[in-house]
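Working notes, structure below.
All residue numbers refer to positions in the sequence shown, counting from 1.
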Amino acid sequence: MRIGKIAPALVLALAAAATTACGGGDTSSSAPKELVYWASNQGTSLDNDKAVLQPELDKFEKASGIKVKLEVVPWTDLLNRILAATTSGKGPDVLNIGNTWSASLQATGAFLPFDDAALEKIGGKTRFLGPSLAATGAAGQPPVGVPLYGQAYGLYYNKKLFSEAGIAKPPATWEELVEDGKKLTKPDKGQWGLSLQAGQVTENSHHAAILGAQQGARFFSAEGKPQLASDPSVAAVRQFVDLMQKDKIVNPSNAEYADTAKSLKDLSDGKAAMFMNQASAGSFKSIGMNMADLGVAPIPLPAAAPPNGRKVTSFVAGINMSVFKNTKNPDAALDFVKFMVSAPEQALLNKTYGSLPTVQDAYSDAAFQTEDVKVFQSVLANSAEPMPQVPQESQFETLIGTAMKAMFADVAAGKPVDDAKIRDQLNQADQQIAAGG
């Protein structure tokens, strides 16, 4: 997921706006039903997503008589577009949301709650994978959406480059990753050990969460108080920034990498040997990578766990599908959601994007029996931890991710980033979250 700067006062200004009508479909009884759908950018480009999704929307229209108008929204714009729609009422009927935003968007009251009755209309709760369904909102409340694309993070690596460097297997610890990265870094040949989307706000926040868990960080107290500026949090951010600053295994130009496609291409073209990302074999295939050269392993853990460190190599990642509560066509919207989470569509779409189905009955497809898919399935089941399920979660992502983006820019410009600078930025984030802005 990729987002831009969040609007101030995330939740407080939004809840009152939930009564405003959303959705652009025609409601006259004689007109065909029409839905507006905002899809998130899952493929290698917006046009790639349109090419993937439009035939499926046409298939749905032919079967149901319901037309779906598609807009693919870049991750840099998606959250702000959603927040604006909750306040203005000028939004889609159905949309994709990053699952880490679930609790934040749930608190606005602007979305259809998927209670037991709504879940039954789309096939029932028991079809969905437990970890994915758990990332659909705060505990004890009806989900704010249902899982569409399942995801976990892994370490992709170029087997050809590893073999040329005499490295027999992917790193299992961070110490090994840095050591291997140095062997694989050859700036004079335009080759680097690791590619980072260092200019991408949410990717930075995701890695802060994963490394934070490994360092023993808890970004919010049990009472929901932000505590981003803790020692473990500072250590996690420094470890990530140091991949470029101290270890020098990341090209400084990556400070400007704001989209996934550049890192995918770097690995495919042999300009980078490793890349940490959500499951994306389909995207690698679509850009022409030799798939025999593509390997994947879990993101490494520290050789010695820090105090209170947790064995986390991913968060429970993925994309959910939500419906604005005041859509003019709620039944049609649920019919569309049911179509998108049906076993055939789940198999087709997740196979295309290289992500994981969120429903049990789609895994019979042979595409999900491969070794790389099994790596991500294992990570999701055994070493993934949900992002903080608090209303301020999207603020957390934006603030810490934006701070890290600026840190990488400093490093690329030759300006040092030390613990004091990191702690100062995280203290400012704590204050902003606590103030609700």
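Under 4.0 Å is where a charged nitrogen must lie from a carboxylate oxygen, and between Glu345 and Lys59 at least one such pair does. Asp410 has a carboxylate O that lies under 4.0 Å from a charged side-chain N of Lys421, or vice versa, which qualifies the two as a salt bridge. Between Glu203 and Lys405, none of the side-chain N atoms (NZ, or NE/NH1/NH2) sits under 4.0 Å from a carboxylate O, so this pair counts as no salt bridge. Arg238 has no carboxylate O lying under 4.0 Å from a charged side-chain N of Asp418, or vice versa, which leaves the two without a salt bridge. With respect to Asp269 and Lys265, a salt bridge is recorded, a charged nitrogen being found less than 4.0 Å from a carboxylate O.
Listed here is the closest heavy atom pair of Phe275 and Leu267: N-CD1, 4.2 Å. Contact between Val73 and Leu46 at its shortest, heavy atoms only, is C-CD2, 4.5 Å. In this structure, Ala261 and Thr44 approach most closely via the heavy-atom pair CB-O, 4.0 Å. The two residues Ala135 and Val316 make their nearest non-hydrogen contact at CB-CG1, 4.1 Å. Of all the heavy atoms in Leu294 and Lys159, the pair that sits closest is O-CE, 3.7 Å. The minimum heavy-atom distance linking Gly193 with Thr185 is given by the pair N-OG1, 2.9 Å.
In this structure a side-chain-to-backbone donor-acceptor pair under 3.5 Å is missing from Thr327 to Phe324. Gln346 places a side-chain N or O within donor-acceptor distance of the main-chain N or O of Thr358, the cut-off being under 3.5 Å. Of the possible donor and acceptor atoms, one in the side chain of Gln389 sits under 3.5 Å from a partner among the backbone N and O of Met387. With hydrogens and angles ignored, the 3.5 Å screen pairs a side-chain donor or acceptor of Asp430 with a backbone N or O of Ala229.
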* To do: With salt bridge (charged side-chain N to carboxylate O under 4.0 Å, His left out) as the test, would you mind laying out the steps for Asp231 and Arg423 before giving the verdict?
  => CA-CA 8 Å; Asp231 289 346; Arg423 194 179 304 277; 2.9 Å; yes

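With no hydrogens or angles considered, no side-chain donor-acceptor pair links Gln214 and Gln239 at under 3.5 Å. Judged by distance alone, the side chains of Glu397 and Thr100 do bring a donor and an acceptor atom under 3.5 Å apart. Between the side chains of Ser263 and Asp266, no donor N or O sits under 3.5 Å from an acceptor N or O.
Checked against the 6.0 Å centroid criterion, the rings of Tyr153 and Phe376 do not qualify as a close aromatic pair. Side-chain rings of Phe408 and Tyr257 stay apart, their centers remaining 6.0 Å or farther from each other. Taking the six-membered ring where the residue is Trp, the centroids of Phe368 and Tyr363 are separated by under 6.0 Å.
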